[in-house]
Amino acid sequence: GFQPQVVIVKHETATNHARLKLSSMPANTTMDFITTASDTASLIALNADGFTLNTADANVNAAGARYSWVALGGSSCTASGTLCVGSYTGDGAASQAITSVGFQPAFVLTKKAGGNAIWRAASMAADVGQYFSAVDELTNGTLFKTLDATGFTVGNSADVNTTSAPYYFLALKAVPGALQVGTYAGNGGTDRNLTGVGFTPDVVFTKRTTGLTAAWYSLTDLYGDFAVPFTNAAGAVDVLQALSADGFQVGTLAGANSSGGTYH
């Protein structure tokens with residue numbers, strides 16, 4: 001229904017990493033969320049009304065396999081924008097401010113070829129950054145420093161700021177009725193409803209701050225109690241169990257509700 005600037009594709013049942021395509025990436029490049037050699041393979045091409053898959057690659061188009069996908073469009077890196085897709089070049093300094101977003105983001109993802117996808121949400125304290133893989137958050141400012149009035153500031157980790165390396169990013173604004181970020185404390189219980197989002201979400205993803213757990217997400221099209229990780233593991237039940245009128249429901253697994261854990 002529109003020209004996407006962001007597409008995420010994930011094999012629901014096989015051990016394949018989720019794949020990411022941004023309009024700011026080279027035309028022949030699709031990346032995954034973890035460091036692998038597939039970063040330069042042309043798996044996803046963006047079109048006027050959707051996207052085209054490389055039929056030779058099982059990560060996005062194995063015969064008979066089921067895949068879930070998310071597409072975002074309307075990138076506008078201006079004060080009135082809600083999505084900005086762009087790129088920057090690392091300078092290797094202790095910090096680098098990226099000011100080309102045009103608005104105050106509530107969520108930022110960065111990725112370079114051969115590096116880990118890194119993200120930060122407005123619900124995090126200063127100097128905190130996260131991985132999508134089963135790695136604990138870093139709180140020392142080497143990934144992210146802050147989210148700023150017109151962009152974000154990264155640290156000096158190779159995943160966000162290697163000298164002369166190209167980085168690709170997406171930034172999202174908090175919009176009532178469309179995008180919300182927050183935190184909750186896990187309690188280990190099942191059928192737990194988390195409310196206060198303010199709308200019925202189409203997509204929810206959650207990540208524990210510590211405990212070596214991967215980020216998981218669920219879509220309306222996953223039809224109830226089923227979620228998939230961004231990493232090379234199959235989907236599972238009892239993680240993100242449902243998307244509801246004012247939030248979402250979590251189960252007992254560590255991906256979404258381990259007792260004592262904090263989740264974004």
Side-chain angles (χ1 to χ4, degrees), residues 1 4-23 25-47 49-73 85 107 109-119 130-135 159 168 170 201-208 212-243 248-251 253-257:
Q5 276 89 39
V6 181
V7 170
I8 298 169
V9 175
K10 176 70 166 82
H11 196 308
E12 292 182 8
T13 57
T15 54
N16 299 79
H17 296 299
R19 259 50 187 184
L20 172 68
K21 178 65 179 180
L22 303 179
S23 57
M25 293 175 178
N28 65 344
T29 299
T30 299
M31 300 184 184
D32 67 19
F33 285 78
I34 316 298
T35 305
T36 74
S38 69
D39 281 339
T40 57
S42 181
L43 307 184
I44 301 171
L46 304 177
N47 305 326
D49 189 32
F51 54 97
T52 298
L53 304 170
N54 178 350
T55 57
D57 194 285
N59 291 299
V60 295
N61 198 23
R66 179 176 161 87
Y67 296 83
S68 57
W69 57 269
V70 178
L72 304 176
V85 176
F107 175 86
L109 176 156
T110 68
K111 179 76 170 90
K112 76 167 182 176
N116 291 288
I118 304 298
W119 63 278
Q130 264 280 17
Y131 299 85
F132 288 87
S133 57
V135 178
D159 284 318
Y168 309 96
L170 71 89
D202 295 304
V203 184
V204 170
F205 96 84
T206 184
K207 175 73 160 65
R208 185 173 170 170
L212 302 179
T213 59
W216 288 72
Y217 72 93
S218 185
L219 316 174
T220 52
D221 289 74
L222 292 180
Y223 307 110
D225 188 1
F226 191 75
V228 290
F230 288 89
T231 55
N232 59 338
V237 299
D238 207 25
V239 185
L240 290 161
Q241 296 182 310
L243 308 182
F248 53 100
Q249 184 183 93
V250 295
L253 295 190
N257 196 28

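One is the number of the first residue; the rest follow in order along the sequence. Note that this is a predicted model, so its numbers are computed, not measured.
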J.: Given 3.5 Å as the limit, does a donor-acceptor pair link the side chain of Asn116 with the main chain of Asp159, or not?
T.: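 No, because the side chain of Asn116 does not come within donor-acceptor range (under 3.5 Å) of the backbone of Asp159.
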J.: So, applying ring pair (Phe, Tyr, Trp, His ring centres under 6.0 Å) with Phe205, which one of Phe33, Phe248, Phe107 is it?
T.: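 Answer after filtering Phe33, Phe248, Phe107: Phe107.
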J.: Run the side chain to side chain donor-acceptor pair (under 3.5 Å) test against Asp49 and tell me which residues pass, sequence neighbours left out.
T.: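 Not a single residue meets the side chain to side chain donor-acceptor pair (under 3.5 Å) criterion with Asp49.
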J.: What pairs with Tyr131 under ring pair (Phe, Tyr, Trp, His ring centres under 6.0 Å), at least two apart in sequence or on another chain?
T.: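 With neighbours one apart ignored, the set is empty.
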J.: Let's go through Leu240 and Val250 carefully: what are the C-alpha distance in whole Å and the side-chain angles of both, what is the deciding distance for side chain to side chain contact (heavy atoms under 4.5 Å, CB included) to 0.1 Å, and is it a yes or a no?
T.: CA-CA 5 Å; Leu240 290 161; Val250 295; 3.9 Å; yes
J.: Using 30° and 60° as the class limits, which term best fits the ring planes of Trp69 and Phe51: parallel, tilted or perpendicular?
T.: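 Answer is perpendicular, since the angle exceeds 60°.
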J.: How would you list, by chain and number, every residue that makes a side chain to side chain donor-acceptor pair (under 3.5 Å) with Tyr168, sequence neighbours excluded?
T.: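 Applying side chain to side chain donor-acceptor pair (under 3.5 Å) to Tyr168 gives none.
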J.: Apply the test side chain to side chain contact (heavy atoms under 4.5 Å, CB included) to residues Leu170 and Gln5: give CA-CA distance (whole Å), side-chain angles for both, the deciding distance (0.1 Å), then the verdict.
T.: CA-CA 9 Å; Leu170 71 89; Gln5 276 89 39; over 6 Å; no
J.: For the CZ atom of Phe132 and the CD1 atom of Ile118, what is their distance to the nearest 0.5 Å?
T.: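 So the gap between those two atoms works out to 8.5 Å.
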J.: What are the two closest heavy atoms between Gln130 and Val135, and how far apart are they?
T.: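 Heavy atoms only, the tightest pair is OE1-O, 3.8 Å.
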J.: I'd like to know if the side chain of Lys207 reaches the main chain of Ala256, judged simply by a donor and an acceptor atom lying under 3.5 Å from each other, with no hydrogens or angles considered.
T.: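 A pair under 3.5 Å: no.
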J.: Grab the two heavy atoms, one from Thr29 and one from Lys21, that are nearest each other, plus how far apart they are.
T.: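 Result for this residue pair: O-NZ, 2.6 Å.
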J.: Quick check against the 3.5 Å criterion: does Arg66 have a side-chain atom that pairs as donor or acceptor with the backbone of Gly64?
T.: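 Answer holds: no.
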J.: Could I get the full list of side chain to side chain donor-acceptor pair (under 3.5 Å) partners for Ser23, not counting sequence neighbours?
T.: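 Ser23 satisfies side chain to side chain donor-acceptor pair (under 3.5 Å) with no residue once adjacent residues are dropped.
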J.: Say you draw a straight line from OG1 of Thr30 to CD1 of Ile8; how long is it, rounded to the nearest 0.5 Å?
T.: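 If we round to the nearest 0.5 Å, Thr30:OG1 and Ile8:CD1 are 12.5 Å apart.
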J.: Walk me through whether Val9 and Ile44 qualify under side chain to side chain contact (heavy atoms under 4.5 Å, CB included).
T.: CA-CA 9 Å; Val9 175; Ile44 301 171; 3.8 Å; yes
J.: Please list every donor-acceptor pair under 3.5 Å in which a side-chain atom of residues 219-236 meets a protein atom from a residue at least two apart or in another chain.
T.:
residue, atom, partner, partner atom, Å
Asp225, OD1, Asp238, N, 2.8

J.: With sequence neighbours left out, write down each residue that passes side chain to side chain donor-acceptor pair (under 3.5 Å) with Asn61, or none if nothing qualifies.
T.: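 None.
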J.: Find the distance between CZ (Arg19) and NZ (Lys10) and round it off to the nearest 0.5 Å.
T.: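 Answer rounded to 0.5 Å: 9.0 Å.
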J.: If you take all heavy atoms of Ile34 and Lys111, which pair is closest and at what distance?
T.: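 Smallest interatomic distance, heavy atoms only, reads O-NZ, 4.1 Å.
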